[in-house]
There are 2 protein chains.
Amino acid sequence: MDLKLQLLGLFSAEQDDLNRILSKFQKQTLVKNQFYTQVGKPCQTFSYIESGYFRVFCHTESREVTQWIAGKGYFITDLASFIFNQPNRWSIQALTDATIYTVQQSDYQLFEQEIPSWSIMEKRFMAKCFMQMESRIFKFISTSAEERYQEYFENNKDVFQQVPLQYIASVLGMSAETLSRIRAKVNS
Amino acid sequence: MDLKLQLLGLFSAEQDDLNRILSKFQKQTLVKNQFYTQVGKPCQTFSYIESGYFRVFCHTESREVTQWIAGKGYFITDLASFIFNQPNRWSIQALTDATIYTVQQSDYQLFEQEIPSWSIMEKRFMAKCFMQMESRIFKFISTSAEERYQEYFENNKDVFQQVPLQYIASVLGMSAETLSRIRAKVNS
DNA sequence: AAATGCGCTTGACAAAAATCAAGAATTTTC
DNA sequence: GAAAATTCTTGATTTTTGTCAAGCGCATTT
């Protein structure tokens, strides 16, 4: 599985440490439409996506908003819940059958004590996530719907094969109709 | 100064540790329009804003985009540079005369080794920042320019006294004219 | 006090995007 | 493989937002 490689990339760990970490991740499968976690509930797991796609979403008064789509190589959890034990802010649902590797919060917390460099690598991982969010916000501020689509399409061709366009539209901050029209225009 | 309180909020530290950390922050003043750091350069400092306002911005081909405005109580740095030693992604400029408390990267890195709980608190701090970015993105996806204005105005009345509206407009992802019209409408 | 610069507002117009509604295409279910 | 359900597309229209341009208000300078 690729979790090992992924962790190695984040984390120049000793083999021993790496194996100790890996041993706490349990393989798990979800079927299409199954929820990984739901708004308001606790999320006491942290998972690596080995295969399949998930969407991160919640409801506003008027509609459902998909905030992110995650595929192979991404980690999923609800940070508010996993780190701060607050209620989930997001629901996370499988959009396809999926295989993930999951670690329990209780095991995860032990890493901090048992593995000296864990917290440092975790901080670096969080910092990267933060920087990606900065970039994403910058794109919302500074680019049009069409530019956002083009960029996302270039970097996520696989998603378009597997995930309904309406969810992609939401992630890009536009209506499904607008996405459809942009695609028609770009493909002409 | 309030840095102590701020750190205490983030970090349930021993008095000793807290004092050791505080001792590495040096008071510094900047005049209006002075740069804290600039795109492409390194940023090897991390600072707490004691007073004054800063904007975080960069240039696109066509225009300058202000991504964030930070006032008292915020920390500023360029993470890409400060954590990963990459070139700055942002310029940070004082919008008013300002007083900050600054720690050098070299001192900051020692905290990791000298203060056992530092990395954990740092991780939690980063996680909070990440969650705030998630919320901000959610607002871009799910609300109109007017709603974004209303929310920002309610929570940042002070900023409107001190910072040119054009920069606030950019942070909110709208043109200065649109912000002006929304304000005219809301005040009527 | 006139001149300058800067930021803000306003109007007119254009462009982008949302909404509503209908129908086509695709996928799922039985 | 037919029916049902879901997803996608397209057209017509409205709303929202951006752009361009002019002018105002205000502070600063000279």
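No hydrogens, no waters, no symmetry mates; every other heavy atom, side chains included, goes into these values. Numbers restart at 1 for each chain; the letters A, B, ... are given by sequence-line order, proteins then strands.
Listed nucleotides C:dA17, D:dC8, C:dC8 differ in distance to A:P164; the shortest reach to its side chain belongs to D:dC8. Among the nucleotides C:dA17, D:dT9, D:dT7, the one closest to any side-chain atom of A:Q166 is D:dT7. Across D:dT10, C:dT19, D:dT17, the shortest atom-to-atom separation from the side chain of A:S175 is found for C:dT19. Residue A:T178 has its side chain nearest to C:dA17 when only C:dA17, D:dT9, C:dT10 are considered. Ranking D:dT7, C:dA17, C:dT10 by closeness to the A:A145 side chain, first place goes to C:dA17.
Using a 4.0 Å heavy-atom cutoff across all strands shown, A:K185 reaches no nucleic acid atom at all. At a threshold of 4.0 angstrom between heavy atoms, the contacts of A:A176 with the nucleic acid are absent.
Atom-to-atom, CZ of A:F160 to P of D:dT7 comes out at 16 Å; the value is rounded to the nearest Å. In this structure, CZ of B:F140 is placed 12 Å from P of D:dT17, rounded to the nearest angstrom. Spacing between atom CD1 of B:I182 and atom C1' of C:dT9 amounts to 14 Å, rounded to whole angstrom units. Taking atom CG of A:L179 as the reference point, atom P of D:dC8 lies 9 Å away to the nearest angstrom. To the nearest angstrom, P of D:dT9 lies 13 Å from CE of A:M174. Put simply, CG on A:N33 is 16 Å from P on C:dT27, counting in whole angstrom units. For the pair A:E147 CD and C:dA17 P, the computed distance is 9 Å after rounding to whole Å. The distance between atom CD of A:E146 and atom P of C:dA17, rounded to the nearest whole Å, is 8 Å.
Taking the six-membered ring for Trp and thresholds of 30 and 60 degrees, A:Y101 and A:Y48 have ring planes inclined between 30 and 60 degrees apart.
Between B:R181 and B:V163, the residue anchored nearer the 5' end of DNA chain C, judged by the nucleotide with its closest heavy atom, is B:V163.
Within 3.5 Å, a donor on the side chain of A:E177 pairs with an acceptor on the base of C:dC20, or the reverse.
Ring pair A:Y108/A:F82: centre-to-centre distance below 6.0 Å.
Between B:K72 and B:D158, none of the side-chain N atoms (NZ, or NE/NH1/NH2) sits under 4.0 Å from a carboxylate O, so this pair counts as no salt bridge.
Under the salt bridge (Lys or Arg N to Asp or Glu O under 4.0 Å) criterion, B:E146 pairs with B:K185, sequence neighbours left out.
Both A:I83 and B:M133 belong to a common hydrophobic cluster when Ile, Leu, Val, Met, Phe, Trp and Tyr are linked at side-chain heavy-atom distances under 4.5 angstrom.
The side chain of B:S180 places an N or O atom within less than 4.0 Å of a non-bridging phosphate oxygen (OP1 or OP2) of C:dT9.
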